[in-house]
Enquirer: 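To start, I am sharing the structure in question, which I have written as structure tokens.
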Amino acid sequence: MITVEENMTESISKEEKALLVKGYTAMVLARTLDKKLVSAQRQGRIGFYTPMMGQEASQVGLSMALLPEDFVYGYYRDIGLLIYRGGSIEALLNQTMGNSADSARGRQMPSHLMDKSVNFFTVPSMVGANLTLAVGTAYAYKMRKRKGIVAATFGDGATSTPDFHASMNFASVYDVPVLFFCENNQWAISYPVEKQSKTDISEKARAYGIRGLKVDGNNLVDVYRTTRQAVESIRAGEGPILINAVSYRMGPHSTSDDPSKYRKDEISEGSDRDPLVVTEKLLISMKVMDEHLPQAIKSQAEKIVDSKFEESEKIPPASPEETFTDVYAEDSWMLQEERGDLL
Amino acid sequence: MTMIKSINQALDLIMSDDPDAIILGEDIGINGGVFRATDGLYKKYGADRVIDTPLAEIGIVGMAIGMSVAGLHPIPEIQFQDFIYTAMDLIINQMAKIRFRSASQFSCPLVLRTPYGGGIKGGLYHSQSGESYFAHTAGLTVVTPSSPSDAKGLLISSTRSPDPVIFLEPKRLYRSIKEDVPDGVYEIPLRKAALKHQGDDITIVTYGSMVPVVIDTVERNNVNADVIDLRTLMPYDKDTILESVRKTGRVIIVHEAPRTLGMGAEISAMISERAIEYLYSPILRVTGLDAPFPYRNEEFYLPNEKRIMRAVKRAMEGV
């Protein structure tokens with residue numbers, strides 16, 4: 001694992017300091033929102049949620065390394081990635097509620113994110129199903145000489161899917177500008193990564209003739225710096241890269257899951273391996289922020305999340321009319337008839 | 001001109017008119033495709049736009065979806081429809097649902113071409129008619145031509161559709177029939193059936209490779225039949241069917257795919273719901289068997305003149 005902690009205090013620029021504080025703020029916002037959504041589900045205020053606690057540094061570090069023109073095929077835990085990228089909390093909450101302000105019109109379960117305004121593609125439930133799409137989009141970017149690269153995120157479980165294999169192979173064969181970013185939280189529901197794969201995930205890249213890197217996914221600076229270098233290399237046309245960002249899923253797979261059935265939690269909130277604690281200590285030691293700043297950022301985040309949640313909750317649910325539109329650009333007669341029967 | 005030539009000509013016209021059009025699939029480039037549908041296009045349009053792919057249907061379909069999301073107009077080929085199933089997740093869960101789940105902020109117009117059906121001694125895995133799998137999925141448009149000129153016009157229309165089209169090519173007809181095909185670009189509308197033979201006694205609804213079989217049968221036996229070629233299987237054209245059924249009062253549906261839950265089941269149910277009072281006899285289906293497609297006995301499996309005429313007689317007798 002690459003460790004950057006020792007040699008980075010000296011060389012840090014003003015711009016990078018500001019960037020890291022922005023990154024830390026996004027991590028706190030993501031954590032706050034994550035906890036809010038878990039408790040809202042427990043209170044029956046939302047139907048379902050897939051927590052991301054533990055993956056804040058991985059997601060935000062990746063997001064910091066990307067540019068607005070890049071295109072992201074994310075997965076269902078990526079609220080940290082999306083928040084740093086500029087996706088609005090309102091849009092995210094409206095999606096969660098399935099209310100009438102949701103830009104996807106209440107059609108998808110909570111956690112199935114989308115924000116076209118920041119080039120973030122609509123997320124499916126199928127693990128790994130975004131990967132071959134990312135390769136196709138990257139092919140188009142290369143062919144059209146468009147600015148930007150494509151980034152795809154996925155969990156460690158996705159590395160066992162045929163989609164993973166096909167996408168690594170096709171990306172390599174066509175040498176397209178794509179970053180495969182594995183948010184390795186070490187658990188695919190109840191199945192641990194050491195059973196999922198007998199090799200380190202980054203090593204799989206070698207078999208496809210692409211580069212593989214491993215980073216400490218709990219360390220924002222490590223994720224950001226390594227990923228930025230990778231992204232710059234991809235941008236320069238040097239081919240696809242696979243990154244294995246190792247973190248830990250601190251919560252359940254989803255609000256319907258009970259991890260006590262299959263594991264003892266190894267990292268709990270506030271412990272010294274919690275990515276928020278790791279990053280906080282690191283940034284203070286690097287003099288990127290003083291020790292009072294975290295508390296200020298946290299209280300601010302709570303205020304934002306609480307008020308936006310309440311606002312979003314007041315918006316009425318998506319109308320049943322939304323069930324009949326956007327199936328085709330032009331409705332089929334079947335749908336016209338079914339709409340006539342039911343509405 | 002044969003159907004394989006008319007498809008080749010359509011692809012050539014599409015590629016030359018639209019710089020965003022892109023073809024990808026196994027052996028479709030240098031080799032021109034195992035049936036030669038893409039013959040000559042690699043040389044004309046280059047390796048960037050006529051892309052030979054590694055052997056993975058999910059790679060072909062997934063790449064095509066991702067290209068379409070980015071604004072290209074891909075025309076992927078799956079070598080045989082029988083090989084498509086590993087990519088069904090991408091077709092059913094991604095391709096068909098991107099417009100719906102993004103409220104039309106994203107869409108993926110593309111035309112997935114694939115040869116289907118029996119009659120070329122292909123056995124279990126080069127003969128299947130899987131149209132029901134696709135037609136059962138809202139968001140997909142399913143099209144199948146039955147003649148060289150239809151193939152060209154329907155393929156051109158499909159590439160202009162704002163939504164993904166599964167374009168099923170009856171490979172048995174690739175070289176078995178020839179007809180004059182108009183030059184240049186022309187469209188045949190999707191979602192519209194064609195009346196391929198006119199008569200007052202009976203309505204025969206069919207599509208794809210069964211259209212010429214049905215037309216031959218009614219002509220040789222002087223059956224006074226409306227023969228309806230569906231052309232688009234989803235969303236299919238109910239109005240043309242109902243108009244004919246209200247006139248004739250008798251219906252036979254002919255397809256190669258297995259009978260149970262095939263297109264015939266849907267069309268029969270649709271007619272029963274809307275026009276049962278016009279019927280003189282039960283709706284009958286002449287179809288492939290509810291068994292895998294056999295190698296040696298493929299002619300036995302496929303609907304033929306004898307089986308169609310047996311159904312015609314039964315329908316005319318009203319029992």
Enquirer: Under 4.5 Å heavy-atom distance to chain A, tell me which part of B/Asp20 shows up: side chain, backbone, both or neither.
Expert: both
Enquirer: Would the B/Tyr236 and B/Tyr207 ring centres measure less than 6.0 Å apart?
Expert: no
Enquirer: Side chain from CB out, backbone as N, CA, C, O: work out which of these in B/Ser161 comes under 4.5 Å of a heavy atom of chain A, or both, or neither.
Expert: neither
Enquirer: Find the one option among B/Ile98, B/Thr86, B/Asp237 whose heavy-atom pairs under 4.5 Å with chain A are most numerous.
Expert: B/Ile98
Enquirer: Go through the atoms of B/Leu24 and report whether side chain, backbone, both or neither lie under 4.5 Å from a heavy atom of chain A.
Expert: neither
Enquirer: Does any heavy atom of chain A fall under 4.5 Å from the side chain of B/Ala64, the backbone, both, or neither of them?
Expert: neither
Enquirer: Heavy atoms only, distances under 4.5 angstrom: which of B/Ala138, B/Ala96, B/Pro164, B/Ser104 has the most pairs with chain A? Name it, please.
Expert: B/Ser104
Enquirer: Which atoms of A/Val327 are under 4.5 Å from chain B, going by heavy atoms: the side chain, the backbone, both sets, or neither?
Expert: both
Enquirer: Tell me whether the NZ or CZ atom of B/Arg113 lies within the 45° cone about the ring axis of B/Phe167 and under 6.0 Å from its centre.
Expert: no
Enquirer: Between A/Ser197 and A/Lys204, is any pair of side-chain heavy atoms under 4.5 Å apart?
Expert: yes
Enquirer: Heavy-atom pairs under 4.5 Å with chain A - which of B/Ser68, B/Gly66, B/Pro235, B/Ala87 has more of them than the others?
Expert: B/Gly66
Enquirer: Can you spot which of A/Thr325, A/Asp331, A/Thr323 makes a side chain to side chain donor-acceptor pair (under 3.5 Å) with A/Arg339?
Expert: A/Asp331
Enquirer: Report yes if the side chains of A/Met143 and B/Ile22 come closer than 4.5 Å at any heavy-atom pair, otherwise no.
Expert: yes
Enquirer: Only one of A/Leu67, A/Ile243, A/Ile149 clears side chain to side chain contact (heavy atoms under 4.5 Å, CB included) with A/Val231; which?
Expert: A/Ile149
Enquirer: Is it the backbone or the side chain of A/Tyr139 that comes under 4.5 Å from a heavy atom of chain B, or both, or neither?
Expert: side chain
Enquirer: Does the side chain of B/Ile166 reach to within under 4.5 Å of the side chain of B/Ile91, using non-hydrogen atoms?
Expert: yes
Enquirer: So what's closer than 4.5 Å to chain A heavy atoms on B/Gln105: side chain, backbone, both or neither?
Expert: both
Enquirer: Using heavy-atom distances under 4.5 Å, tell me whether B/Lys238 contacts chain A through its side chain, its backbone, both, or neither.
Expert: both
Enquirer: Can you name the nearest heavy-atom pair linking B/Leu154 to B/Thr144, along with the distance?
Expert: CD1-O, 4.2 Å
Enquirer: Flag the one option from B/Ser102, B/Ala103, B/Ser107 with the top tally of heavy-atom pairs under 4.5 Å to chain A.
Expert: B/Ala103
Enquirer: With chain A as the partner, which of B/Ile65, B/Asp239, B/Ile60 has the greatest number of non-hydrogen pairs under 4.5 Å?
Expert: B/Ile65
Enquirer: Side chain to side chain contact (heavy atoms under 4.5 Å, CB included) for B/Arg285 and B/Ile267? Distances and angles first, verdict last.
Expert: CA-CA 10 Å; B/Arg285 289 175 285 172; B/Ile267 290 160; over 6 Å; no
Enquirer: Go through the atoms of A/Ala134 and report whether side chain, backbone, both or neither lie under 4.5 Å from a heavy atom of chain B.
Expert: neither
Enquirer: Can you tell me which portion of A/Val123 sits under 4.5 Å from chain B's heavy atoms? Options are side chain, backbone, both or neither.
Expert: backbone
Enquirer: Given that the side chain runs from C-beta out, which part of B/Thr137 has a heavy atom under 4.5 Å from chain A: side chain, backbone, both or neither?
Expert: backbone
Enquirer: Picking from A/Phe120, A/Phe121, A/Tyr73, what satisfies ring pair (Phe, Tyr, Trp, His ring centres under 6.0 Å) with B/Phe106?
Expert: A/Phe121
Enquirer: Contact part of A/Gln95 toward chain B, heavy-atom cut-off under 4.5 Å: side chain, backbone, both or neither?
Expert: neither
Enquirer: Check whether any side-chain heavy atom of A/Phe71 lies under 4.5 Å from a side-chain heavy atom of A/Arg146, and answer yes or no.
Expert: no
Enquirer: Counting only heavy atoms closer than 4.5 Å, note whether B/Ile58 contacts chain A via side chain, backbone, both or neither.
Expert: both
Enquirer: Non-hydrogen atoms of chain A under 4.5 Å away: do they reach the side chain of B/Asp163, the backbone, both or neither?
Expert: side chain
Enquirer: Check whether B/Thr141 gets within reach of chain A through its side chain, its backbone, both or neither, counting any heavy atom under 4.5 Å.
Expert: both
Enquirer: Would a 4.5 Å heavy-atom cut-off, applied to side chains only, mark B/Lys196 and B/Asp150 as touching?
Expert: yes
